[in-house]
Each structure stands twice: as C-alpha cells, then as structure tokens.
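Counting begins at 1 with the first residue of the sequence. Since this is a predicted model, take the numbers as computed values, not measurements.
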Amino acid sequence: MAASHLTALVALLPPCLLALLLLRLATVLDPDPDAAAPRVKAAAPLPLRFRHDGAFKILQVADMHFGNGAATRCRDVAPDAGGARCSDLNTTRFLRRVIEAERPDLIAFTGDNIFGGSATDAAESLLRAISPAMEYKVPWAAILGNHDQESTMTREELMMFMSLMDYSVSQVNPPGFLVHGFGNYHIGIHGPFGSELVNTSLLNLYFLDSGDREVVNGVKTYGWIKESQLAWLRTTSLELQKTLLAPALAFFHIPIPEVRGLWYSGFKGQYQEGVACSSVNSGVLGTLVSMGDVKAVLLGHDHLNDFCGNLNGIGFCYGGGFGYHAYGRPHWPRRARIIYSELKKGQRSWMELESIQTWKLLDDEKLSKIDEQVLWRRSTGDSDHNILSRPGA
C-alpha cells in the first residue's frame with residue numbers, strides 16, 4: 001500500500017516541477033507581478049441612494065453614435081464649429097464637460113451608444129465611449145438602441161459586456177423572468193444615509209429594451225416593447241408598491257406611437273423631425289398609466305427632437321442628440337438632459353420624493369442651460385400631479 005502511494009507521488013513530481021518552471025519563466029520574461037492577475041470590476045456603491053442634501057441627479061446621454069475615436073468624423077457640424085477637425089473625441093470632450101459641471105449621481109446611456117456601421121470593434125468602441133463615466137467613477141446604466149449591434153457583438157453580448165464594465169449598474173435581464181430582448185432591469189434609489197428611509201427605494205428606475213429593426217407583414221419597421229417585458233414591468237411595479245408607492249422613471253430608446261400626438265397637444269423644447277417609432281402599438285402607454293408610479297419616460301432615437309410633453313399624466317422627454325458622429329443640424333449644438341429629483345424634508349429626517357425637474361445643457365462655450373421645467377411634484381394631499389408645458393406654451 002505504501003509503495004503504491006510512493007509511486008503516485010513520484011508520478012506527480014514531473015508535472016508539478018514543470019508548472020513551477022513555467023511560472024518562474026513567466027516571471028523572468030515579465031517581472032510585473034500583476035501582469036497575470038485577473039481583472040476585477042470596479043463596482044459602484046450599491047444600493048444607489050440620494051445624497052445627504054436629499055437630491056439625486058441623473059445625466060441622460062442619448063445617441064452618442066461612437067465609432068473609432070479620432071478617426072471617425074463628425075456629421076452635420078458647421079465649419080466654424082470644428083469642421084474637418086471634429087471627431088468622436090468631441091463627444092468624449094462634451095461628456096467630460098457635463099460630468100464636471102453637473103456631478104451626476106448616475107449616467108443613463110439611452111441607446112445607440114456606438115454606431116455599429118462605423119465601429120470596427122464593438123468592445124473597443126464601447127470602452128472609449130463610456131470611458132469618461134469610468135474615469136470619474138460615476139455609476140452608469142445603459143440600454144441598447146437600433147444601431148449598437150451592427151458591429152462585432154450581438155445585443156446579448158453587448159449587454160453582458162456593459163454589465164461587466166467598471167461602475168456599471170447595467171443588467172442583462174431580470175432574474176427569474178423570461179423577457180424579450182436584452183437590457184430590461186430595475187434600479188432602486190434609496191434614502192440617504194442617516195435617514196429613516198435608508199433601506200427603502202424612494203425612486204425607481206425601469207430600463208427597457210425597445211429593440212432595433214423588425215418586419216411586419218413584409219414591411220420593415222422599428223422594434224417595440226413586447227408583452228413579456230410589459231408583464232415583467234407590471235409585476236415589478238406591484239412588488240415595489242407593496243413597500244412604498246414611490247415615483248418611477250422609465251428609460252427606453254425608440255419612442256412609442258403616441259408621442260407623435262404631442263405636436264398637437266403641447267410640449268416644451270424642439271420638435272424638429274418626425275417621430276420614428278414602430279408601426280406596432282404594443283400598449284406601452286396603457287401599461288404605464290395603469291401602473292401608476294411612472295412619472296416620466298426618457299427617450300432617444302430622434303436626434304433633432306429634445307422636447308417634453310404630457311401623455312395621460314406621464315411626461316415623455318427626448319434627450320436630444322449627444323454624439324458628434326450622429327446626424328444633427330449645423331449650428332444646433334449637441335445636448336444632454338439632466339433629471340433632478342429632490343426629497344421632502346421632514347422634522348427629523350428626509351422623507352419621500354417631493355419633485356422631479358429637468359433641463360438640458362448645450363455643448364457651447366457657456367455650456368448653456370435651457371428649458372428648465374418641473375416634470376412632477378407631489379401635491380399637499382395624498383395624490384400627485386405632473387407639471388409640464390401646456391398647449392401654446
């Protein structure tokens with residue numbers, strides 16, 4: 001018995017010695033002890049929560065259309081605004097300016113983060129596009145548009161990759177649910193440290209995959225949010241409301257057909273192009289209204305639209321075109337949207353959410369702040385109401 005054990009040990013010696021020698025050789029060739037260390041994601045502090053002053057600020061970045069960096073030219077930029085010298089680096093510079101000026105608590109990238117037709121390597125383009133958020137260590141969440149997957153990665157691979165990037169709070173899909181698409185998830189914003197609601201979500205954020213392109217009855221159209229996604233949304237909202245009836249915001253890329261009607265009913269901002277939505281109306285607006293918690297929806301997709309309007313008590317707001325490789329209009333600056341939420345101050349502690357405001361920043365010399373408005377404010381009673389521009393405003 002002892003002889004057999006000794007034989008087994010002797011047989012193990014050569015491979016063990018070989019492994020040690022190879023490890024030693026690797027150390028000699030590359031003396032950096034961290035060279036072979038695994039890369040660990042720098043995680044955002046979770047759960048996300050309101051600041052000590054009772055505020056939470058979201059920066060919406062819509063349609064970066066990032067390509068290959070300095071080699072990717074701008075579109076629709078006037079000669080006196082950079083012309084031939086303009087590239088993806090202008091987009092990066094703009095994002096850094098906004099982060100430094102506003103110090104957001106979360107950045108929401110609402111689709112077409114990269115422009116697949118120009119990006120030779122999707123992963124590299126995403127890393128470059130999102131890099132300012134990671135450099136400034138700002139938590140960020142992302143969804144997909146209709147162009148992200150046109151490069152070297154599928155929609156599932158893109159969401160998986162983004163979920164693993166530094167400071168990302170993005171998710172591929174909710175656990176325990178079978179839903180269409182990739183990038184359907186919920187994020188709760190909890191009360192500040194030291195408040196009585198420190199363990200409670202006071203603002204809920206729903207992120208949804210609105211798809212890319214589809215064919216209906218032989219005709220090409222844009223994607224839409226499917227029933228499985230709406231079922232998850234309803235279930236999640238009901239579960240959250242068991243704890244607290246907290247207001248919510250929804251983020252998705254492609255607008256719903258009802259947004260077209262805001263041309264007639266009133267809006268604040270610029271309505272400069274037709275609403276490019278799906279030919280299919282899947283009942284998103286009805287679902288959001290029935291849920292009762294969503295106070296505003298933040299959209300992308302149509303770069304020349306940056307307006308907010310009210311549909312059945314819910315604000316629908318475009319981010320406006322952010323990226324310089326995205327189509328735009330000469331002498332119409334690229335822009336970003338800020339969503340600013342404030343808690344109500346109680347006698348001893350911060351209480352529930354009191355208001356949601358928004359404004360836009362232009363990429364001009366002054367980083368001009370325009371179109372300030374209140375999206376929602378809690379009334380003095382138990383009910384609440386939206387405050388948006390009315391027809392003729």
Can you list every salt bridge (charged side-chain N to carboxylate O under 4.0 Å, His left out) pair that touches [range], not counting sequence neighbours?
| range | answer |
| --- | --- |
| residues 221-233 | E214-K226, E227-R234 |
| residues 185-194 | none |
| residues 272-283 | none |
| residues 314-341 | D306-R335 |

*Residues two or more places apart in sequence or in another chain: which of them pass side chain to side chain donor-acceptor pair (under 3.5 Å) with D76?*
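Applying side chain to side chain donor-acceptor pair (under 3.5 Å) to D76 gives none.
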Under the salt bridge (Lys or Arg N to Asp or Glu O under 4.0 Å) rule, collect the residues that match up with [X], sequence neighbours excluded.
| X | result |
| --- | --- |
| D364 | none |
| E100 | none |
| R213 | none |
| K366 | none |

*Using the ring of each side chain (for Trp, its six-membered ring), is F267 parallel, tilted or perpendicular to F307, with breaks at 30° and 60°?*
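Ring orientation, 0 to 90° scale: tilted.
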*asked:* For F56, give me all partners under ring pair (Phe, Tyr, Trp, His ring centres under 6.0 Å), at least two apart in sequence or on another chain.
replied: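 So F56 forms a ring pair (Phe, Tyr, Trp, His ring centres under 6.0 Å) with F50.
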*Using the test ring pair (Phe, Tyr, Trp, His ring centres under 6.0 Å), find all partners of H65 that sit at least two apart in sequence or belong to another chain.*
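Once residues adjacent in sequence are excluded, the partners of H65 under the ring pair (Phe, Tyr, Trp, His ring centres under 6.0 Å) criterion are F115, H147, H303.
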Determine the sole option in [options] for which the side chain to side chain contact (heavy atoms under 4.5 Å, CB included) test with [X] is passed.
| X | options | result |
| --- | --- | --- |
| L106 | I339, L59, V138, V169 | V169 |
| D212 | N146, I254, D112 | N146 |
| I189 | D105, L202, I58, L205 | L205 |

Closest non-hydrogen atom pair, [X] against [Y]:
| X | Y | result |
| --- | --- | --- |
| L311 | F316 | CD1-CD1, 3.6 Å |
| N113 | A129 | O-CB, 4.2 Å |
| C74 | S87 | SG-N, 3.0 Å |
| G223 | S278 | O-CB, 3.4 Å |
| V179 | P174 | CG2-CD, 3.9 Å |
| Y136 | I99 | CG-CG2, 3.6 Å |

*In a check of side chain to side chain donor-acceptor pair (under 3.5 Å) between Q149 and each of R155, E156, E157, which one passes?*
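Of all the options given, the one that passes is R155.
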_Working to the nearest 0.5 angstrom, can you tell me the gap between L95 CG and N90 CG?_
12.5 Å
*Determine, stepwise, if the pair D63 / H253 fulfils side-chain contact (heavy atoms from CB on, under 4.5 Å).*
CA-CA 9 Å; D63 299 271; H253 182 73; 3.1 Å; yes
*Which residues pass the side chain to side chain contact (heavy atoms under 4.5 Å, CB included) test with R75, sequence neighbours left out?*
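So R75 forms a side chain to side chain contact (heavy atoms under 4.5 Å, CB included) with H325, Y327.
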_Donor on one side chain, acceptor on other, E258 and N281, under 3.5 Å_ =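 Their side chains do contain a donor-acceptor pair, which is all the 3.5 Å distance test asks for.
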_For the residue pair K345 and W350, would you count it as a cation-pi contact if the rule is NZ or CZ under 6.0 angstrom from the ring centre and within 45 degrees of the ring axis?_
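Judged by the rule, K345 and W350 form a cation-pi pair.
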*Does any N or O in the side chain of S163 come within less than 3.5 Å of the main-chain N or O of M160, such that one atom is a donor and the other an acceptor?*
yes
*Answer yes or no: is there a donor N or O on one side and an acceptor on the other, between the side chain of R128 and the main chain of N68, under 3.5 Å?*
yes
*Checking side-chain contact (heavy atoms from CB on, under 4.5 Å) for the pair L249/V294: CA distance, chi angles, key distance, verdict?*
CA-CA 5 Å; L249 301 171; V294 174; over 6 Å; no
*Passes side-chain contact (heavy atoms from CB on, under 4.5 Å), I187 versus F251? Steps please.*
CA-CA 11 Å; I187 296 173; F251 298 81; over 6 Å; no
